[in-house]
Amino acid sequence: MNLTELLAYTAKEYLDDRADLVDGEPDNLWSDVTLTRYFNEAARILARKAWILTDIGHAKAGTLVLQTSKEYYKLHPSVIRVYRGTLEDSEVPLGRTTDERLSYNRLSSPDDPFDINLPLTATPGRPVAFATDSAFRILRVYPKPSSVENGLRLILKVARMPICPLSLDEPKEEPEIPEEYQLEGMCKFAAGKCLTHPSVDVNERAFGRSLLAEFDELVREARRDRQRAEQSEPRPHYASSTAVL
């Protein structure tokens, strides 16, 4: 559904505030600006709580360009979670680890990282691992890229927030969130927020709260759907010493 359709459905089916008058100003209790703002807020809540926007190599949120000796990279503000990072000239993803592990400079000898004969710093080269807990929305690669990797793109699989909000300037644009969450999600949230305004009748406010409760349940359902979709069959683990024979 595009923005025009979302506005028409919400105003007619939930708010009933679009009356055609013979003369005078249109009888609109809630403006299209207000409804559009609530549509965008509903999309952000669904994406943030349920992680329903997941893609690979998004032009704005899913690519980073490596630079010589640069270790830390700022992620796009929409990124919630980085699942995986793969250099564009490879099919093997980088190892995912933590900032604490990468902070040990002598990773080449995990049995004795404090061997004084080991170098104090890692030699720049092709990154083999990354971490995302160094700072808020910061991705760290290890080791630092050398001049050979300068300009190489890191392709990310991310869960993210919407990047292009709906706008009345583009009434034919569609929301970024999947269609199955638009009618029951965005429309109900917008109507519920409108009907819980302080100036609304008490009975209407109760109806508005029920719509918001239904939206909250949809968010939980969307989260469960996403978790089920990401589940995989458990792999067997053999404890017997003869399993390698």
Side-chain angles (χ1 to χ4, degrees), residues 1-55 58-62 76-81 137 158-230:
M1 299 180 70
N2 59 38
L3 177 57
T4 299
E5 293 170 332
L6 291 171
L7 289 169
Y9 182 84
T10 304
K12 179 181 179 181
E13 302 299 331
Y14 288 114
L15 302 178
D16 192 23
D17 75 330
R18 296 294 192 268
D20 295 328
L21 303 181
V22 176
D23 192 16
E25 293 295 325
D27 186 21
N28 297 349
L29 298 179
W30 295 280
S31 67
D32 288 347
V33 173
T34 298
L35 291 176
T36 302
R37 184 182 301 117
Y38 287 145
F39 290 153
N40 288 325
E41 181 61 20
R44 285 191 292 267
I45 292 174
L46 276 161
R48 179 173 57 85
K49 292 187 176 182
W51 293 12
I52 59 175
L53 284 181
T54 302
D55 45 33
H58 189 278
K60 293 183 178 180
H76 191 271
S78 68
V79 174
I80 302 172
R81 163 79 172 177
R137 290 202 175 100
V158 301
R160 61 176 179 84
M161 302 277 280
I163 294 177
C164 300
L166 295 174
S167 171
L168 292 174
D169 296 331
E170 300 289 342
K172 299 302 180 182
E173 287 296 315
E174 297 184 1
E176 290 184 69
I177 65 171
E179 186 175 358
E180 58 263 35
Y181 302 117
Q182 295 174 14
L183 197 64
E184 291 297 309
M186 300 175 71
C187 293
K188 279 189 176 181
F189 179 84
K193 294 294 286 185
C194 288
L195 294 175
T196 52
H197 284 191
S199 58
V200 176
D201 179 78
V202 174
N203 293 329
E204 294 297 326
R205 287 207 297 270
F207 177 53
R209 287 192 294 270
S210 70
L211 291 176
L212 293 178
E214 291 178 19
F215 172 78
D216 290 339
E217 178 56 33
L218 178 69
V219 173
R220 289 190 288 269
E221 181 180 345
R223 183 172 181 265
R224 291 192 294 267
D225 288 344
R226 190 265 306 169
Q227 290 174 330
R228 285 194 293 264
E230 293 179 353

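Given the structure is predicted, the values throughout are model-derived calculations rather than measurements.
To the nearest 0.5 angstrom, Leu35 atom CG is 13.0 Å from Tyr14 atom OH. Note that CD of Glu173 and SG of Cys164 are 8.0 Å apart. Values are rounded to the nearest 0.5 Å. The distance from atom CD of Glu174 to atom OG1 of Thr4, rounded to the nearest 0.5 Å, is 10.5 Å. Atom CD of Gln182 and atom CD1 of Ile177 lie 5.5 Å apart (nearest 0.5 Å). Here OH of Tyr9 is found 11.5 Å from CG of Leu15. Values are rounded to the nearest 0.5 Å. Atom CE of residue Met186 and atom OG1 of residue Thr36 lie 9.0 Å apart, to the nearest 0.5 angstrom.
Checking each of Lys60, Arg44, Arg160 against Glu176 for a salt bridge (charged side-chain N to carboxylate O under 4.0 Å, His left out) leaves exactly one that passes, namely Arg160. When each of Asn40, Leu6, Leu3, Leu46 is paired with Pro175, the side-chain contact (heavy atoms from CB on, under 4.5 Å) condition holds for Leu6 and for no other.
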Worksheet item: Given the rule in the side-chain contact (heavy atoms from CB on, under 4.5 Å) test, do His76 and Val158 qualify, once you have shown the distances and angles that lead to the verdict?
Response: CA-CA 10 Å; His76 191 271; Val158 301; over 6 Å; no

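Listed here is the closest heavy atom pair of Lys172 and Asn2: O-CB, 3.3 Å. Closest non-hydrogen pair, Cys187 versus Phe39, comes out as CA-CE2, 4.1 Å. Lys188 and Leu211 make their closest contact through O-CB, 3.8 Å (heavy atoms, listed as atom of the first residue, atom of the second, distance). Looking at every heavy atom in both residues, Val79 comes nearest to Ala61 through CG2-O, 3.6 Å. Scanning both residues, Leu218 and Gly185, for their nearest heavy atoms gives CD2-CA, 3.3 Å. Across all non-hydrogen atoms, the minimal contact from Ala47 to Ile80 is O-CD1, 3.4 Å.
At a threshold of 4.0 Å, the pair Arg224-Glu221 does not count as salt-bridged, since none of the basic side-chain nitrogens sits closer than that to a carboxylate oxygen. Arg37 has no carboxylate O lying under 4.0 Å from a charged side-chain N of Glu41, or vice versa, which leaves the two without a salt bridge.
Side chain of Thr10 to backbone of Ala191: no donor-acceptor contact under 3.5 angstrom is found. Without hydrogens or angle criteria, Arg205 side chain to Val200 main chain gives a donor-acceptor distance under 3.5 Å. In this structure a side-chain-to-backbone donor-acceptor pair under 3.5 Å is missing from Glu230 to Gln227.
Ring pair Phe215/Phe189 is tilted by interplanar angle, where 30° to 60° counts as tilted. Taking the six-membered ring where the residue is Trp, Tyr38 and His197 present perpendicular rings, their angle passing 60° and hence far from 30°.
In terms of the salt bridge (Lys or Arg N to Asp or Glu O under 4.0 Å) criterion, Arg209 has no residue partners (sequence neighbours excluded).
Within the 4.5 Å cutoff, the side chain of Leu7 has heavy atoms near those of the Leu168 side chain. With a 4.5 Å cut-off on side-chain heavy atoms, Met161 and Arg48 count as touching. You'll find the side chain of Asp216 reaches within 4.5 Å of the side chain of Arg220, heavy atoms only. Leu195 places a side-chain heavy atom less than 4.5 Å from the side chain of Trp30.
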